[in-house]
Amino acid sequence: MLKPLNRITADAMSRSVKVLQFGEGNFLRAFVDWIIDILNEKTSFNGDVQVVQPIRNGMGETINQQDGLYHLVLNGIKNGKATTEIRLITCLREVINPYENFEAFLETGENADLRFIFSNTTEAGIAFNPDDKDPNRLPESFPGKMTALLFHRYKHFKGARDKGLFIIPCELIDKNGQQLREIIFQFISLWKLPDDFKKWVSEHNTFCNTLVDRIVPGYPKETIKEIQEKIGYDDHLVVTAEPFHLWVIEGPESVRKAFPADKADLDVKFVNDQSPYRTRKVRILNGAHTAMVPVAYLHGLRTVKESVEDPFVGEFIKQAINEEIIPTLDLPHEELNQFAHDVIERFQNPFIRHELSSIALNSISKFKVRVLPSILEYNGRKNTLPDRLVFSLACLIAFYKGDWQGTVTPVSDSPEIMAFFKEVWRSSNVDDVTKTVLSNQSFWDTDLTSVPGLTNRVSTFLLNLEKGNVINAWDPSAIASQKITIKP
């Protein structure tokens, strides 16, 4: 018989609360709270997490019923072998719902032991809401709530310098800490708060830009009974994730000293500039995803795992990463190679079914951000074109036709982009299609027909795609220069 999960049945200790966390969702529980739990085990951190529910309806009640306890299941591939690891997370204490008790939320700022604020309120969470006009009422926006909390703490401790906090957002936007700081300043201005408070926020609180990376599928509906039998608890908060994790924190040395994750055998990097790591992730991980989708889908594959294990597509994408993407990046070669190796292992994870169709959503904007910079940088450094990435671009244009050799392709993009490709593919001439797509500056922020040789190369690949299968279209010996007529 399964036991209820709480601090009595699990004999879990409690510690002083050092972290206030905005968000109780799967990612924070499988990433930040897991890391804090390991810090408590392996270092002298010795701190617990109090959670603020960022929206009116959340998981707070369920979490509180289990005294904040839950199990994390890590499923994936390590060193070429499938692995599963289960850990009871004990650092999360309770969830406060500010929509039910605004005063209790503000009082969390009175905790003298509090050192950190972490958050993950979705990419849209770090935004200024001009409707949050009254500082005496609960703001709807996350930055508004942060401003109210910090002002309450400032007043409670009478502006004490040592009561400033390390504020470390995990939202997936560039320069997230910097953006959050600027929006808090907007609220200080809107609410006409004292200049001394603004000075205290600016000088005695540290806002860190970050990059986070871990795939978190979440609650394991299909296997929950087996997991509960294994752990022996009736845990309603089980969360699954991959073993891989990366947290890059940009900040002063004081952050590393206060949060010693680098001493706990964790892949947490404290850096002066997180930009190279963001570029590495976008170009290698996200770029490989985006470059692989049209090639793999036209080849008849439907998931990431089967694509990377396919003899043709798997080798194609590995060579694209190693020979065309990595040479455009400036981090140490060993770090880039290890990250690329980890990416391939993550793609092969047998516990995650990642559909190509889901990655294909909004592929034009994704290609512009994730793949095009590698093409242009490679061309600039090598004075030639990266053929595999260019071939992916040709496959993408064919993919956006909506039908390839009788198979409907799952094109999903804005109405404007969908209408554009529908009109473009009315043409019966591949050269016209290529020039029209590449010259569309609203797609690429530049006219790609100005890149020497690119138009001809994409057009040649498209011609061969129309003539046969993906493998033959890629084979340099099959490239033909003659023009053919396409049936629209």
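Index from 1, following the sequence.
Within a 6.0 Å radius of CG in Asn383, other residues, nucleotides and ligands contribute 12 heavy atoms or fewer. When the shell of 6.0 Å around CD of Glu253 is examined, it contains more than 12 heavy atoms from other residues, nucleotides or ligands. The environment of CZ in Arg115 is sparse: at most 12 heavy-atom neighbours from other residues, nucleotides or ligands sit within 6.0 Å.
The backbone N or O of Thr83 lies less than 3.5 Å from no partner atom in the side chain of Lys78, so there is not a single donor-acceptor pair. Proximity of a side-chain donor or acceptor of Asn120 to a complementary backbone N or O of Gly23 within less than 3.5 Å is not detected. Side chain of Thr328 to main chain of Tyr378: no donor-acceptor pair is present (N/O by atom type, distance under 3.5 Å, no hydrogens or angles). A distance-only check finds a donor-acceptor pair linking the side chain of Arg29 to the backbone of Leu237 [under 3.5 Å]. Within the 3.5 Å criterion, the main-chain N or O of Asp37 finds no donor-acceptor partner in the side chain of Lys42. A donor-acceptor pair under 3.5 Å links the side-chain atoms of Gln53 to the main chain of Gly60, judged by distance alone. Under a 3.5 Å cut-off, the side chain of Gln405 and the backbone N or O of Gly468 do form a donor-acceptor pair. Remark: side-chain polar atoms of Asn440 are not paired, donor with acceptor, to backbone N or O of Thr436 under 3.5 angstrom. Glu250 places no side-chain N or O within 3.5 Å of a backbone atom of Asn209 that could act as its donor or acceptor partner. Under a 3.5 Å cut-off, the side chain of Asp132 and the backbone N or O of Gly144 do not form any donor-acceptor pair.
Salt bridge status for Arg346 with Asp213: present, with a side-chain N to carboxylate O gap under 4.0 Å. A salt bridge does not link Glu226 to Lys230: none of the charged side-chain nitrogens sits closer than 4.0 Å to a carboxylate oxygen. Using a 4.0 Å cut-off between a side-chain N of Lys or Arg and a carboxylate O of Asp or Glu, Glu315 and Lys318 do not qualify as a salt bridge. Between Glu377 and Arg283, no side-chain nitrogen of the basic residue sits less than 4.0 Å from a carboxylate oxygen of the acidic one, so the salt-bridge criterion is not met. Ion pairing between Asp403 and Lys401 fails under the 4.0 Å rule for side-chain N and carboxylate O. Between Glu41 and Arg87 there is a salt bridge, with a side-chain nitrogen of the basic residue lying less than 4.0 Å from a carboxylate oxygen of the acidic one.
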Steps toward side chain to side chain donor-acceptor pair (under 3.5 Å) verdict (Ser427, Asn429): CA-CA 6 Å; Ser427 172; Asn429 187 285; 5.7 Å; no

Evaluation steps, side-chain contact (heavy atoms from CB on, under 4.5 Å), between Val216 and Thr240: CA-CA 6 Å; Val216 180; Thr240 60; over 6 Å; no

Full working for side-chain contact (heavy atoms from CB on, under 4.5 Å) between Phe27 and Ile215: CA-CA 8 Å; Phe27 181 80; Ile215 296 172; over 6 Å; no

Stepwise side-chain contact (heavy atoms from CB on, under 4.5 Å) check, Phe207 with Val201: CA-CA 9 Å; Phe207 292 79; Val201 171; 3.9 Å; yes

Test side chain to side chain donor-acceptor pair (under 3.5 Å) applied to Thr446 and Gln441, step by step: CA-CA 5 Å; Thr446 187; Gln441 296 190 44; 5.7 Å; no

Step-by-step side chain to side chain donor-acceptor pair (under 3.5 Å) determination, His71 to Asp235: CA-CA 7 Å; His71 290 83; Asp235 186 353; 2.9 Å; yes

From CA spacing to verdict: side-chain contact (heavy atoms from CB on, under 4.5 Å), Glu355, Arg353: CA-CA 6 Å; Glu355 300 283 346; Arg353 181 176 175 84; 2.7 Å; yes

Pair Asn176-Thr210, side chain to side chain donor-acceptor pair (under 3.5 Å): steps then yes or no: CA-CA 7 Å; Asn176 44 20; Thr210 69; 3.0 Å; yes

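The shortest distance between side-chain heavy atoms of Val19 and Phe118 falls below 4.5 Å. Side-chain contact between Glu242 and Arg214 is present, with heavy atoms from C-beta onward closer than 4.5 Å. When side chains are defined from C-beta on, Thr84 does not count as touching Leu74, because their heavy atoms never get closer than 4.5 Å. In this structure the side chain of Ile231 reaches within 4.5 angstrom of the side chain of Ile86, judged on heavy atoms. Between Lys281 and Gln274 the shortest side-chain heavy-atom distance does not fall below 4.5 Å. Counting heavy atoms from C-beta outward, Arg280 and Leu246 have side chains that approach closer than 4.5 Å. For the pair Val51 and Val49, the minimum side-chain heavy-atom distance is below 4.5 Å. Contact check for Ile375 versus Val451: no side-chain heavy atoms found under the 4.5 Å cut-off.
For the ring pair (Phe, Tyr, Trp, His ring centres under 6.0 Å) with Tyr400, the lone residue among Phe367, Phe443, Phe420, Phe421 that qualifies is Phe421.
A cation-pi contact links Arg302 to Tyr297, judged by a cut-off of 6.0 Å to the six-membered ring centre and 45° from its axis. Within the cation-pi definition used here (under 6.0 Å to the ring centroid, within 45° of the axis), Lys368 does not qualify as a partner of Trp444.
Using the six-membered ring where Trp is involved, Phe116 and Phe45 have ring planes that are tilted, between 30° and 60° apart. The aromatic rings of Phe312 and Phe316 are tilted relative to each other, their planes meeting at an angle between 30° and 60°. Using bins of under 30°, 30° to 60° and over 60° for the plane-to-plane angle, the ring pair His289/Phe347 lands in the parallel bin.
Heavy-atom minimum distance, Arg457 versus Leu385: CB-CD1, 4.3 Å. The two residues Pro410 and Ser357 have their closest heavy-atom pair at CG-CB, 3.9 Å. Contact detail for Trp247 and Cys170: the closest heavy-atom pair is CZ2-SG, 3.8 Å. Taking both residues in full, the closest heavy atoms of Ser202 and Arg181 are given as OG-NH2, 3.0 Å, listed atom of the first, atom of the second, then distance. Minimum interatomic distance between Pro327 and Lys382 (heavy atoms only, all atoms of both residues): CB-CE, 4.2 Å. Nearest heavy atoms, Cys208 versus Pro169: O-CD, 3.4 Å.
A donor-acceptor contact closer than 3.5 angstrom links the side chains of Arg370 and Thr290. Counted by atom type alone, Gln21 and Asp33 present one or more donor-acceptor pairs between their side chains at under 3.5 Å.
With values rounded to the nearest 0.5 angstrom, Leu396 atom CG is found 5.5 Å from Ser363 atom OG. Separating the OG1 atom in Thr455 from the CG atom in Asp431 is a distance of 9.0 Å, to the nearest 0.5 Å. Taken to the nearest 0.5 Å, the CZ atom of Arg278 stands 8.5 Å off from the CD1 atom of Ile173. Rounded to the nearest 0.5 Å, atoms NZ (Lys305) and CG (Asn349) are 9.0 Å apart. The OG1 atom of Thr62 sits 14.0 Å away from atom OH of Tyr70, with the distance rounded to the nearest 0.5 Å. Interatomic distance, Gln348 CD to Ile344 CD1, rounded to the nearest 0.5 Å: 7.0 Å.
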